[in-house]
Amino acid sequence: MPVPPPRIDVLDDYDALSRAGADMVADFLAATPTARVVVATGVTPMGLYRELAHRRERGDLDATGVTVFLLDEYAGIEPEDGRSLLGWALRSFVEPLGIPPEHVVSVPTDGDPDACAAYDLEVERAGGYDLAILGIGTNGHVGFNEPPSDASVPTRMVELLPESIDSNAAYWGDAARVPRRAVTIGMAGLLRSRMTLLVASGASKREIVRRSLLGPVTAEVPASHLRASADLRVLVDRAAWDGSGPT
Ligand code: GLP
């Protein structure tokens, strides 16, 4: 059966997208104060996280009961390393929102298959994720679920594709500084999240956003599987939307 296109909100610009994303997350956390939340790093959700931090400063948001699950991490990178995605999530999300550090769960960064399976099992036993805040790679990856990734792939170690190494070079100044492997929460766990918020900004994402949301659901575009999520919300800015689909 064909999967219907999801609801897509097209915002004027990045700031509007960040505010709309913060509204959704804040509403969710108000209703579910002890939510288990998957947190992406990357550039796109940073405005949303800053918005949430402002709301906390104003006393409008209490995230102290939240448990954070780091979406992905470079293999073998220690938290103290400047490239650590855990470090990035701590600085941008956990600390500004006043979430206790003991409420933060990373993927097993050594990628040991038994540890990854145990991680997935523990999450499942706890009831799965409540909210996943996700970005999208220009090759359609979600976290580091590189194409091809089908809907059943578990948490695991992956080799980064050249396109991901190039895009991640923007974070660290040079492709040579990008680790070649990473551990990512698998599509299977992400797809069982109660709510999923996908954010995309800028013209570089336009083509992959269109393919992910309106093209065939395929392992070649891992983000296309998100359309099978229980409650997918998509926020894009005008630059990331080609206007040919439903809004
Ligand atoms: C990165 C990360 C993803 C992120 C995506 C988009 O490589 N592994 O978790 O969502 O690519 O990143 P950005 O928002 O910087 O474009």
Side-chain angles (χ1 to χ4, degrees), residues 11 13-15 17-18 21-22 25 37-51 68-77 81 83-94 106-107 109 111 129 131-147 149 153 155-175 177-187 189-191 193 196-209 211-213 221-226 229 232-237 239-241:
L11 287 309
D13 56 24
Y14 179 72
D15 288 346
L17 180 155
S18 299
V25 175
V37 182
V38 175
V39 171
T41 53
V43 172
T44 315
M46 292 302 133
L48 189 171
Y49 298 168
R50 280 192 295 272
E51 268 296 320
V68 168
F69 292 83
L70 182 68
L71 173 61
D72 49 19
E73 178 60 286
Y74 299 122
I77 293 290
D81 190 304
R83 298 165 295 175
S84 162
L85 300 181
L86 174 60
W88 193 351
L90 291 173
R91 291 189 298 276
S92 63
F93 191 91
V94 174
S106 180
V107 285
T109 51
Y129 306 112
L131 170 65
I133 306 172
L134 304 174
I136 182 171
T138 51
N139 65 358
H141 74 207
V142 175
F144 277 124
N145 289 284
E146 301 279 44
S149 287
V153 291
T155 296
R156 68 208 184 287
M157 172 101 85
V158 297
E159 300 279 337
L160 301 194
L161 294 180
E163 203 168 339
S164 297
I165 293 170
D166 282 352
S167 64
N168 279 231
Y171 308 150
W172 319 120
D174 184 354
R177 299 201 66 229
V178 180
R180 270 28 187 180
R181 294 190 298 174
V183 179
T184 183
I185 295 179
M187 294 304 299
L190 294 176
L191 293 176
S193 180
T196 303
L197 173 58
L198 178 66
V199 289
S201 168
S204 66
K205 299 288 173 71
R206 192 182 301 160
E207 174 63 12
I208 197 63
V209 164
R211 289 176 63 202
S212 300
L213 300 179
V221 183
S224 66
H225 290 295
L226 295 176
S229 303
L232 174 63
R233 319 284 176 99
V234 182
L235 295 177
V236 295
D237 58 16
W241 186 247

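Note that ligands are numbered from 1 as they come in the structure, with each ligand's atoms numbered from 1 the same way.
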Quiz item: Looking at G135, which atoms of ligand 1 are within less than 4.0 Å of one of its heavy atoms?
Solution: 10 (O)
Exercise. Using distance alone, determine whether T44 and ligand 1 share an N or O pair under 3.5 Å.
Key: yes
Practice problem: Determine yes or no for a side-chain-to-main-chain donor-acceptor pair under 3.5 angstrom, with D166 supplying the side chain and A175 the backbone. | Solution: no
Practice problem: Please say whether more than 12 non-hydrogen atoms of neighbouring residues, nucleotides or ligands are located less than 6.0 Å from CZ in R181. | Solution: no
Quiz prompt | Within 6.0 Å of CZ in R83, more than 12 heavy atoms from elsewhere | solution = yes
Practice problem: Considering heavy atoms of the protein only, find what lies nearest to atom 16 (O) of ligand 1 and give residue, atom and distance to 0.1 Å. | Solution: K205 NZ, 2.6 Å
Self-check item: Side-chain heavy-atom pair R233, L198 within 4.5 angstrom cut-off
Solution: no
Quiz prompt | Atoms of ligand 1, numbered as shown, that sit under 4.0 Å from any heavy atom of F144 | solution = 7 (O), 8 (N)
Exercise. Output the list of atoms in ligand 1 that are nearer than 4.0 Å to some heavy atom of L71, sorted by atom number.
Key: 9 (O)
Quiz item: Which heavy atom of the protein is the closest neighbour of atom 12 (O) of ligand 1, given with residue, atom name and distance?
Solution: Y171 OH, 3.0 Å
Quiz prompt | atom 6 (C) of ligand 1: nearest protein contact (heavy atom, Å) | solution = I136 O, 3.4 Å
Exercise. Starting from atom 9 (O) of ligand 1, locate the nearest protein heavy atom and write down its residue, its atom name and how far away it is, to 0.1 Å.
Key: D72 OD2, 3.2 Å
Quiz prompt | Protein heavy atom at shortest distance from atom 4 (C) of ligand 1 | solution = T41 O, 4.1 Å
Quiz prompt | Heavy-atom side-chain contact between R206 and V209 under 4.5 Å | solution = no
Quiz item: Do K205 and T138 have side-chain heavy atoms sitting under 4.5 Å apart?
Solution: yes
Quiz item: At what distance is the nearest protein heavy atom to atom 11 (O) of ligand 1, and which residue and atom is it?
Solution: H141 NE2, 2.9 Å
Exercise. Nearest heavy atom to atom 3 (C) of ligand 1 wins, so pick from G143, G42, A40.
Key: G143
Quiz prompt | Any T41 side-chain heavy atom under 4.5 Å of L71 side chain | solution = no
Quiz item: Counting from 1, what ligand 1 atoms have a heavy atom of N168 closer than 4.0 Å?
Solution: 1 (C), 7 (O)
Self-check item: Donor-acceptor pair, side chain of S193 and main chain of L190, under 3.5 angstrom
Solution: no
